[in-house]
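Here's the structure we're looking at; comments come further down.
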Amino acid sequence: MASPRDLLAPLDTFERRHTGSPAADVAGMLQTVGFDSVDALADAAVPANIRLKRPLRLPAAASESTALAELRAIASKNKVFRSYIGMGYYDTATPGVIQRNILENPAWYTAYTPYQAEISQGRLEALLNFQTVVTDLTGLQIANASMLDEGTAAAEAMMLAHRVKLGESHDASVFFVSDKCQPQTIDIVKTRAKPLNVSVVTGDHRTYDFAGKVFGVLVQYPDTTGSIHDFAAFFEKAHAAGALCVVATDLLALTLLRAPGEFGADVAVGSAQRFGVPMGFGGPHAGFLATKDEFKRQMPGRLVGVSKDAQGNPAMRLALGTREQHIRRDKATSNICTAQVLLAVMASMYAVYHGPAGLKRIAQRTRLLTRMLADGLKAAGAKINAEPVFDTLTVTGIAAAQIHAAAAAARLNLRPVDASTVGISLDETTTVEDLQVLISLFGGAATSLHTDRGEVAAAPVESDYAAPFARSSEFLTASVFNKYHTEHEMLRYIKRLETKDLSLVHSMISLGSCTMKLNATSEMFPVTWPEFGRLHPFAPADQTKGYAKMFAQLEKWLSEITGFAAVSLQPNAGSQGEYAGLLVIRAYHESRGEGHRNICLIPTSAHGTNPASAAMCNFKVVPVACDANGNIDVTDLKAKAAEHAANLAALMVTYPSTHGVFETSIKSICKAIHDHGGQVYMDGANMNAQVGLTSPGYIGADVCHLNLHKTFCIPHGGGGPGMGPIGVAKHLVGFLPSHPVVPLHHDTGGHHMGAVSAAPWGSASILVISWMFIRMMGPDGLTRATKFALLNANYIAKRLDALFPVLYRGAGGLIAHECILEFRPWKKHGLEVEDVAKRLMDYGYHAPTMSFPVPGTLMIEPTESETKAELDRFCDALVAIHGEMAAVASGESDKLNNPLKHAPHTAAVVCATEWPHPYTRERAAFPDKWTRAAKFWPATGRVDNVYGDRNLVCSCVGMEAYAEAAKPSPTHA
Ligand SMILES: *Cc1c(COP(=O)(O)O)cnc(C)c1O
């Protein structure tokens with residue numbers, strides 16, 4: 001019997017919910033792997049010279065309810081004031097049907113990036129809707145499926161313009177930025193421009209003379225002060241000077257305003273935040289980027305396109321992948337990998353729910369309120385910016401300090417501009433009562449907006465614009481935006497899409513390198529607490545003490561876990577962490593008079609983001625070879641470090657390697673780099689094999705990023721959000737990112753690298769997820785999780801090695817937390833690894849990582865949070881598939897007409913009158929008994945990637961016509 005002490009312990013301890021299998025199962029797994037204990041396995045797998053000598057110094061584990069209570073207390077230190085700050089962030093009413101069924105729904109938030117199109121049609125459709133919203137409203141032809149935020153989208157647009165003009169062998173190097181853009185956007189653009197030797201000129205577009213060789217211009221519409229300019233003449237001048245025109249804009253305003261594509265814009269960027277996504281103290285939100293068809297191959301980020309499946313039905317998948325970092329590496333159009341899919345899905349659903357008329361009404365209401373406010377302020381004697389405006393007024397000639405004090409007393413925030421100026425931005429949630437409060441702050445009569453009978457007394461004002469500002473083109477005419485306007489219809493539409501997607505609610509998703517572990521419900525709860533969700537990122541510090549405390553704790557914990565001196569929470573994806581970390585290294589070299597150092601060594605096995613990020617810093621990538629065991633070829637590395645010693649800037653190294661191996665030589669690798677004057681950047685995507693056992697700092701790295709959406713439990717969201725904070729050693733602390741609006745505490749060294757994200761702490765609101773994880777696991781729980789990640793991976797490797805050989809191993813024949821399985825020998829029988837990936841869908845599984853880092857392989861990472869029962873079910877599926885492959889190899893099954901080549905099998909195919917296959921329908925759809933108990937039906941047959949890229953359709957407008965053209969041809973079996 002348990003002791004009283006044990007029985008009285010909290011019932012809701014977390015670690016047992018997160019990690020591993022029942023004790024008896026663990027014993028069985030250990031036996032299979034050949035160890036007596038999990039500790040013994042970890043001792044054998046991790047090289048002794050990098051093992052930490054002491055436990056992590058973190059608070060002991062708290063139970064689920066205790067951790068939530070503690071975070072509640074922290075959250076209560078945040079003050080939720082009404083925000084009129086604007087600057088790209090607006091309060092919004094998230095429709096309940098979207099909050100509950102998407103934002104708070106694991107079926108949506110635990111999905112992976114939709115690379116396996118057949119089991120991702122739901123979010124692909126939502127993303128196609130998002131792209132349509134953006135192209136329709138901006139009046140441009142093509143938009144991608146989200147950017148990380150508005151500021152980085154503007155920087156990506158600058159780089160797009162630069163590439164286009166370099167492609168025309170233009171030597172232009174000047175980028176003009178209107179000084180009326182959002183300040184954080186200007187700062188990010190400058191940060192980006194510096195390493196590329198682009199000179200950013202800021203000023204007034206009305207007087208800009210295009211001196212020098214200008215390749216692009218960026219303006220804001222409406223601008224940061226609220227004014228709306230007619231850019232047609234300016235863009236004509238810009239085009240005549242050979243420049244591309246970029247507009248940062250606002251989707252809600254565009255429902256009333258002339259579309260940028262109609263006055264000459266080549267690129268439009270912005271944020272879709274106010275389409276139903278909470279401000280979250282800075283994020284996450286979906287940025288967007290739209291451009292002309294002629295620049296589509298220069299676009300950054302992921303793009304959803306329509307293609308057809310094996311039956312000739314229309315089906316969506318990611319298009320033009322050849323632009324991206326995973327293929328083009330340092331020649332990629334950008335380094336973006338994880339984007340903001342969940343938030344783009346939410347924004348698209350907001351547009352679906354409101355429809356074009358509903359959106360326009362929200363915009364007209366916002367505009368009307370702004371005009372009423374303007375009238376009230378003018379009556380009170382204030383000076384404001386001239387018409388036309390949309391939602392933002394800049395009030396001048398006032399004693400700003402007094403106004404802010406009165407505003408704070410009324411629990412609201414205005415934008416501080418200077419001693420005699422404030423800004424006021426209204427939004428969807430503003431009411432007439434709010435206007436009265438605002439007007440009275442400026443000494444106006446508080447009752448001026450109502451008649452004696454209590455009716456609104458506003459003078460009738462035009463809610464639409466006059467030419468040339470008025471929008472004349474229609475938008476969102478596609479049927480999807482015009483039929484789901486009741487909650488029942490909306491709920492069922494969301495549900496229909498949801499059921500097409502396979503996520504962690506169905507089965508393990510063993511994507512190597514992506515660490516698809518448990519995203520616990522208790523970790524997710526705080527994300528939608530108003531004390532975290534409703535804060536403006538530039539709210540005054542005395543209102544955000546809860547956030548400050550949570551950041552300080554999380555930074556401290558992550559510093560301890562990484563073995564570094566400090567952490568910056570600003571980068572909002574792993575790719576952005578890489579870029580920020582390399583900028584830190586660049587700034588460090590510069591500070592020592594070694595700004596010429598520009599060589600970045602990167603092993604050939606590295607993730608595509610590594611070389612793409614290096615290119616953004618204008619580093620020259622020198623690849624380092626790997627040996628037959630999958631390890632960095634140390635001889636080659638040392639030779640290259642020595643050869644480039646004079647210019648060596650950095651090594652980018654992933655540890656354990658992307659081959660799933662703990663390289664024993666890692667310490668000497670770091671030393672060789674340091675000996676030649678370089679810095680070591682560690683890609684922390686594989687931290688799940690390090691936490692508590694070793695650390696980047698302990699190993700000898702100088703910087704690393706962490707993918708909080710991998711090791712630290714932020715869900716993948718179907719392709720984002722993520723967070724990519726960086727940790728740095730002591731000598732680099734002064735070089736961490738700064739922010740132009742909010743001073744950051746690292747920012748004391750005077751180096752001012754600039755901002756890498758629009759918000760000072762990136763996607764702040766989802767940091768609570770990682771906070772909860774670390775708080776609930778404690779130092780022992782985190783360390784055990786790492787050990788179980790090793791056990792689970794080695795168990796899978798042992799179970800499958802005889803059928804599909806494990807490609808690389810470390811010392812003692814062990815792997816780290818993931819393994820690469822070999823499928824290339826099956827090529828001679830006409831079987832590709834893709835056939836295995838698609839066949840796994842029939843068994844209810846998402847394929848592991850395919851063909852990265854080695855073509856023709858699968859990389860499996862089970863994580864610590866799967867039980868033996870689930871690991872066995874997955875292995876059984878691969879064993880059964882091996883049987884099907886062997887039947888093809890032996891000639892027992894037809895080479896082409898077999899369950900592998902026709903996978904995945906849809907319900908429509910299995911139920912069809914015709915069944916032209918030699919295997920049974922049962923074999924096709926119910927290959928194992930668990931599929932009888934819970935069948936996941938792939939929504940489409942195998943998607944034809946090539947067809948879609950040749951016939952690019954990227955919005956739902958063209959989808960119906962396309963469906964017609966793609967009708968099944970009689971020859972298609
Ligand atoms: C996921 C990953 C990245 C990129 O991180 P994102 O958050 O997707 O930008 C970089 N390197 C490795 C090894 C990864 O697995």
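Every number for a ligand or one of its atoms is a count from 1 in the order of the listing. Nothing fancy with the numbering, it's 1 onward along the sequence. Only heavy atoms go into these numbers, but all of them, side chains included; no hydrogens, no water, no symmetry mates.
Between Gln273 and Glu150 the shortest side-chain heavy-atom distance does not fall below 4.5 Å.
Classification of the Phe551-Trp761 ring pair by plane angle, with boundaries at 30° and 60°, yields parallel.
Within 4.0 Å of ligand 1, contacts by protein heavy atoms are made from Cys337, Thr338, Ser513, Ala573, Gly574, Ser575, Glu578, His607, Thr609, Asp683, Ala685, Asn707, His709, Lys710.
Taking the six-membered ring for Trp and the full ring otherwise, the centers of Phe281 and Phe532 sit at least 6.0 Å from each other.
Checking Thr609 against His607 by side-chain atom types alone, a donor-acceptor pair falls below 3.5 Å. A donor atom on one side chain and an acceptor atom on the other are found under 3.5 Å apart for Glu861 and Thr515.
For Lys194, the NZ atom is loosely surrounded, since the number of other residues' heavy atoms within 6.0 Å does not exceed 12.
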